[in-house]
Structure formats: structure tokens, C-alpha cells
Number of protein chains: 2
Amino acid sequence: MAVKGTGIRDVAKLAGVSVTTVSHVLNDTPHTRVAEETRVRVREAAKALGYGPNRAAQALRTNRSGLIGLLSEEIATTPHAGRIILGAQNAAREHDLTLVIINTDRESGPNAHKDDVQALIDRQVDAVLYATMYHRMVSLPPNLQGLPTVLIDSTDRAGIVPAAVPDEVGGAIAAVTHLVEAGHTRIGFLNNDDDVPATHGRLEGYRSVLEKHKIPYDASLVLSGPSETLPGYELAREILGRSDRPTALFCYNDRMAMGAYRAATELGLGIPDDLSIVGFDNQELIAANLFPGLTTVALPHYEMGAWAVETLVRLLHGEADRKLLADEPTLLDCPLVIRGSVAAPHAD
Amino acid sequence: MAVKGTGIRDVAKLAGVSVTTVSHVLNDTPHTRVAEETRVRVREAAKALGYGPNRAAQALRTNRSGLIGLLSEEIATTPHAGRIILGAQNAAREHDLTLVIINTDRESGPNAHKDDVQALIDRQVDAVLYATMYHRMVSLPPNLQGLPTVLIDSTDRAGIVPAAVPDEVGGAIAAVTHLVEAGHTRIGFLNNDDDVPATHGRLEGYRSVLEKHKIPYDASLVLSGPSETLPGYELAREILGRSDRPTALFCYNDRMAMGAYRAATELGLGIPDDLSIVGFDNQELIAANLFPGLTTVALPHYEMGAWAVETLVRLLHGEADRKLLADEPTLLDCPLVIRGSVAAPHAD
DNA sequence: GTGAAAGCGCTAACAT
DNA sequence: ATGTTAGCGCTTTCAC
């Protein structure tokens, strides 16, 4: 409750104490002994006046702006950024921190985003949260040095900055296990063909589930292409056109799954009765609007945003060890979201 | 370039002038005469030292934080919020302002969002930008009084706050005109059934195009229901099942259009050869991933974000008249985005 | 257990 | 045309 014009001296006067005491009790300054009775009086006075500290004055004095910079790629393209923002936002509010957001283009090279980082530095943010829109490796701009930083959805090539990334392997395991438990043994995998962690991780998860259930790995069941709707359609047409077609498809992402839906429809295959499909990403706009709803794996964007702010706070307070954290990226859970695209395979 | 530890006095010393002069030069303070030669010297000194002002000190002194609060509903749900953020962001940067974002739940009642507004006030934002996720009327929280405010995608019930909203009528005109120009005369309209401006505006646009082209209005061609995929499907099934089915469908939004695609497929109607479809919203995730790509109308979220910040700046500088602006919401263009879902009707 | 006072970096009123 | 200086509201050192 910051009512304009009310300052710490007004509170002091009303409580009959000095501004020092007010500052001490309102900030719970450590190593400061203030009588309990006085504390109560001060707090009451503050509330009565609707006092709130002047952030600018605090910042000037303490050299801390209370601002956290969020540098995010492609805010406008997917709702993913929205979830990161939301998670970061809520965590920031918890710690009385304010989120400042800068959008950036997807670029690469060590000097990419340097200007955006500078804009954040000019704003005197206390820390920065660097978010990419898909899981990959990045080189951080040099001017980020010295500013507490945390990465979201990417890992630092130099291995010096803590990062949170989705547990791709775990997500794929959840997806494929769901299919196996429904009774499927011939499970096709429409994978991405980019050399990114998700491509490898999801394949690894797929293989590990087969192995665990003693289902032989059949390389002809794994197709790959660009992770878009059209390639998903083409790949699905191909694999579903075979006489020994799989009874289920695990798709690298929801867009490819959307393509697979179309292929199935064209081939007269009903979902989920003739064909089960699981996607990845949980893009609500797609997954919830397909017929039937697409069972898929959610990416932990909200959680990564929250984790990032929490970690930054602990770093700022010296409660966490950056080197230790940076050693290994923190893996966040990718939970399965069950809709209606999976059923038991035909008895035939 | 804010290099820590460099202050205005360092610049003054290096340039051999007083801090006053430095301040005057760097801020282009009006009514201040400084010799051109001095200005140059000061600017060079500043650049040499990598000087950047301490925002906190500036804020403390001038009572302006340089912060703009963006209160947005449902940041995480659609990419719409992302575009508003982006537009606002870019405009803010232009004016050396920083955007602070607060997410909010969709609520109603005059006290909805009051706490969120308070959070912004506590942050001492200079102005606020209040954005809703779909076009409607709102009552603003009382504590927003006194803070320059601008509305996005909604209008103020009290008629006191300037607002930017999409030109729903114009967008519908663009959509239906496109259909008419392709040769269609029997055009179905799958409308929303909520009592919101978009429902009425898009119907008005639809009717006005028919009228302009002397196509009689046929009420049986206008169906309405909830603006979701499933109702879109059901409505489309119904209207396309008729013997005198329309040759084209204008859908209230892309989700309904997605349902219409499914209905067309099931009925063996090819798009665009047997049926043309135009949507509304330009949700890329849907529109670009449908087969064929959905021709639709884009909502001006980016533009509304930019307009809002520009307007706020002008309000702050006293260059715009709030009352005049608040009188009538500013209409922003909804341009047609042509993909592949429209063709000439069959000759039969 | 409490208070006086210095000073964070800047702007602006006032002098010169 | 340029400089001197007071103070914005707060935290913090030091004195009591």
C-alpha cells in the first residue's frame, strides 16, 4: 500500500520513534534489538498510514533495484513464453521482486543478444533469467559476466551458468510407457531430425521403454523429419501405409501429431480405435482441439520459470553454490497429459 | 552502457565542467543554453567512460520510475498476450521506458484486479496498460484512479479511460468481401453466441458486405454457438448437410473454423474446392497447421500494445487529451491473412 | 534498545 | 553559459 506522500518519517512521527527504528522493524534488520512493544507500534503506524517504501530510494541506497530481467526469445510466437513468464512472475512476487521482460530474436553466436543484455544492465537489474524457446546449447553474451544469471530451456556451452531444462528422456518414457501399458507393442516413432537434445533424449526414452518391456527395437519404425505438421503427415502416411503398420505412434511434437491425425483420417484409420497417438509439448491450442483430444506430454515451462527465479534468489542471498548448480542442468519433469487419443490395439 | 561505479561527477571531471552542465547536456534539458563545444566535450567524456545514469537516483529525484505496468489477463493461455507484450515492449524501448508485467486471472466486478493494480502502484509505475484477452467491457478497479491508464481490447464502462480495440466490423468486411470477390453468394456464418462486441461487430460486417453486393440476407445461413472447435464442427455439420448448403463459410474464429474443417472432411467436401472457409483471430498454431492453411483475419494485438504505450507517453507528456481519447475507443485494423482455404465456388 | 546524521547519484532552483 | 548546492527517501554506521 504505497500512498503517495507518506514517508518513513511520517511513520516514525506517528509511532513516536526515530526513522532508524522504523527502518529496522519494517525490514526486520538482523542484529537489531527493538522492543517487541515498539515493533508493534511501528507496524500499526505503518498500516494506519498505508505506508509503503519508496523503491527508488531503497534502490539508490542499497544498490539493489529489486528488478529481475527476463530475456526471452519469441515471446509472441508460442504460449510457451507465457508460461515461463507466469512461473517467473509468481515466484518473483513471492520474493517481492519485479520482472522486467525483454523480447529477443532467435540468433546465435556469442554476441547474440548482447544489446538486449545491455538494455537490462542499463535498467540495473539484480539478476537475469535467460530463456530460449526450445531446448538447446547457447553461448552467453560476454556482458552477462558478473550478473547472476540462470538459463531456461538451454544449457551453457561454457558450463558456467546454472540451467533448468525439461527431462526429455523422462517425458518420452512416460509417453511410450502409456502406450505399452495400453497393450501396444508395435509403436512407431516420428522423430525430429534436428540435432538438439530433445531429438536424442526422446529417442533414448523410447528405446529404454522398449528394452524394459522386452520389446525388440525395430529401426524401421523410427522415422524422422522436420518437426512440422506437413512432414508429420507425410511420415505418418508412409508408416501407416505399410501392411505391418504400427498400432500406435509416438510423435516428437503436437504439430507432427496433428499431421498424423490427418494421415490416419485419409487412410480410414480411426483414432484411437485403429491407431493410438501420443504427442509432445502439450500445445493446448492443438492438443485440446483435435478430435479426439491428443494425449501428449507437457513441457514444464511454468516450473522452469519458477525454478529460475527461486534459484536466482538463492544465488543472490549466497544460499546456493553457482558452480555446483552449473555442473549439471536441473531436470524438470514432463508429465503426461491424458486426453483421448490412446486405446488398446485391436485384437485383430 | 552503464558501467558500475561511473557517476555523473566522473563525467564532469573528465569534461572539465560541472555536474549541472553534464546533466543538462545528457538530458537535453530545455531552456538551457550550453555551448555546442561543451556539449560535444561532455558527450565524448560520457561515452569514453561508458557512463549511464543511475535510474534509481533519477527516479528518486524526479519522481518518475520510468516503469510502465502491463496488467494482462491469461498471459499463458494464448499467444495473443505475447503480441501485446511485444508491441508494448518495442514502443517502450523507443521511449526509454521499461515494461513491468503482471498476470491476472480473468475476473469481473469493479474490484477485480485491485490487488494486482496495487502491486503495480507499490512498484511506482508511471502509468498502466490494462489488457484483456478478448474484446469486452470492463469496470476498472478504483485504485487505478489518478494513474494514467489505457485499455487494450476492452472498453471502460465508465467511459473515462482511453482504449484501443480491434475493428471487428472492418475485419469481418475484409473476410466476407474476400469470399464475395472469389465468386461466392451463398455464404454461411458460424457466429459466437456470447453477448460481446465481436459477436455483433462481425455480424454487422457480414451483413454490410452482403448488402453492398446486393446479396439478400438469409437468416438460415447464420448459425451460432459457443466459439469452440466442437460447436464449430456441429454447426458446420448441420449447415453443410443441407441440400442447399452454402459454398463458403465465414467462421467467428479459427477454432470454429477448425471444427468446420473436420465437418467438411467427414462430408467428403474438399477445401477449398468444394467449400471455402475464412476464420478470425489468426491463431498461427491452428491456421498455419491446418490443411490447407486457413485464410483468416488477424487481430491487431501487436499494434494495440504499441498504440497503448505511445498513447500513455503522450498522456504523460500532456500531448494528448485524455477526455477526447476516452470518448470513443480507437479502432485498429484487422487485416486479412490469405492462406489456402478460399477458392471460387463450383460452376456446378 | 534507540536515535542522529551521513550520504547513495541525481536534478533543478538559484547564483554568478 | 556554467557552477554551487539542497535535497529526493531511504539504510546504516556509530554514538548514546
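Bear in mind that the values here come from a model prediction, so they are computed numbers and not experimental data. In the text below, chain A, chain B and the rest are named by the order of the sequence lines, each starting its count at 1.
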Nearest-Å distance for atom pair [atom1]/[atom2], residues [X] and [N]:
| X | N | atom1 | atom2 | answer |
| --- | --- | --- | --- | --- |
| A:Leu26 | C:dT2 | CG | P | 15 Å |
| B:His31 | C:dT11 | NE2 | P | 17 Å |
| A:Asn54 | C:dC8 | CG | C1' | 13 Å |
| B:Tyr51 | C:dG9 | OH | C1' | 8 Å |
| A:Leu60 | C:dA6 | CG | P | 17 Å |
| A:Glu36 | C:dT2 | CD | P | 11 Å |

* Pairwise distance CD1(B:Ile84) to CG(B:Asp153) - rounded to 0.5 angstrom ->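 Reported value, rounded in 0.5 Å steps: 6.0 Å.
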
* Value rounded to 0.5 Å, distance of CD1 in A:Ile101 from CD1 in A:Ile75 -> 5.5 Å

Which residues satisfy the salt bridge (Lys or Arg N to Asp or Glu O under 4.0 Å) test with [X], sequence neighbours excluded?
| X | value |
| --- | --- |
| B:Arg83 | none |
| A:Asp116 | B:Arg93 |
| A:Arg136 | A:Glu73 |
| A:Arg123 | B:Asp96 |

[X]: what forms a side-chain hydrogen bond (donor to acceptor under 3.5 Å, both in side chains) with it, not counting sequence neighbours?
| X | value |
| --- | --- |
| B:Glu310 | B:His95 |
| A:Tyr302 | A:Asn90 |
| B:Ser154 | B:Thr132 |

* Quantify the bending of the helix from C:dG1-D:dC16 to C:dT16-D:dA1 as the angle between its end axes, each fitted on five pairs, to 10°. => 40°

When you compare the protein's N or O atoms with those of nucleotides 14-16 of chain C, which come within less than 3.5 Å of each other, and at what distance?
none

* To do: Could you pull out the closest heavy-atom pair between A:Asp126 and A:Leu316, with the gap in Å?
  => O-CD1, 3.8 Å

Sequence neighbours left out, cut at 3.5 Å: what donor-acceptor pairs do the side chains of residues 7-20 of chain A make with other protein atoms?
{"from": "A:Asp10", "atom 1": "OD2", "to": "A:Gly7", "atom 2": "N", "distance (Å)": "2.7"}
{"from": "A:Ser18", "atom 1": "OG", "to": "A:Thr20", "atom 2": "N", "distance (Å)": "3.3"}
{"from": "A:Ser18", "atom 1": "OG", "to": "A:Thr21", "atom 2": "N", "distance (Å)": "3.3"}
{"from": "A:Ser18", "atom 1": "OG", "to": "A:Thr21", "atom 2": "OG1", "distance (Å)": "3.3"}

* Which comes earlier along DNA chain D counting from the 5' end, the contact point of B:Glu37 or that of A:Val19, where each point is its nearest nucleotide? ->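 Of the two residues, B:Glu37 wins.
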
Short side-chain N/O contact to [N] OP1/OP2 from [X], under 4.0 Å:
| X | N | answer |
| --- | --- | --- |
| A:Arg33 | C:dG1 | yes |
| A:Ser18 | C:dA4 | no |
| B:Gln58 | C:dG9 | no |

* Asked: Under 4.0 angstrom, heavy atoms only, what part of the nucleic acid is B:Thr62 near: base, sugar-phosphate, or nothing?
  ->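 Sugar-phosphate: the residue B:Thr62, judged by heavy atoms under 4.0 Å, touches backbone atoms but no base.
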
* Which part of the nucleic acid, if any, lies within contact of A:Thr38, taking any heavy atom under 4.0 Å across all strands shown: a base, the sugar-phosphate backbone alone, or nothing? -> sugar-phosphate

* Who are the ring-ring contact (aromatic ring centres under 6.0 Å, His included) partners of A:His24, not counting sequence neighbours? ->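 By the ring-ring contact (aromatic ring centres under 6.0 Å, His included) rule, A:His24 matches no residue at all.
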
* Anything under 4.0 Å to a heavy atom of chain B counts; send over the first and last such nucleotide of DNA chain D, read 5' to 3'. =>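 In short, chain B contacts DNA chain D from D:dA1 to D:dG9.
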
* If you check every side-chain atom of A:Arg61, which of C:dA5, C:dA6, C:dT11 has the closest atom? ->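 Comparing C:dA5, C:dA6, C:dT11 against the side chain of A:Arg61, the answer is C:dA6.
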
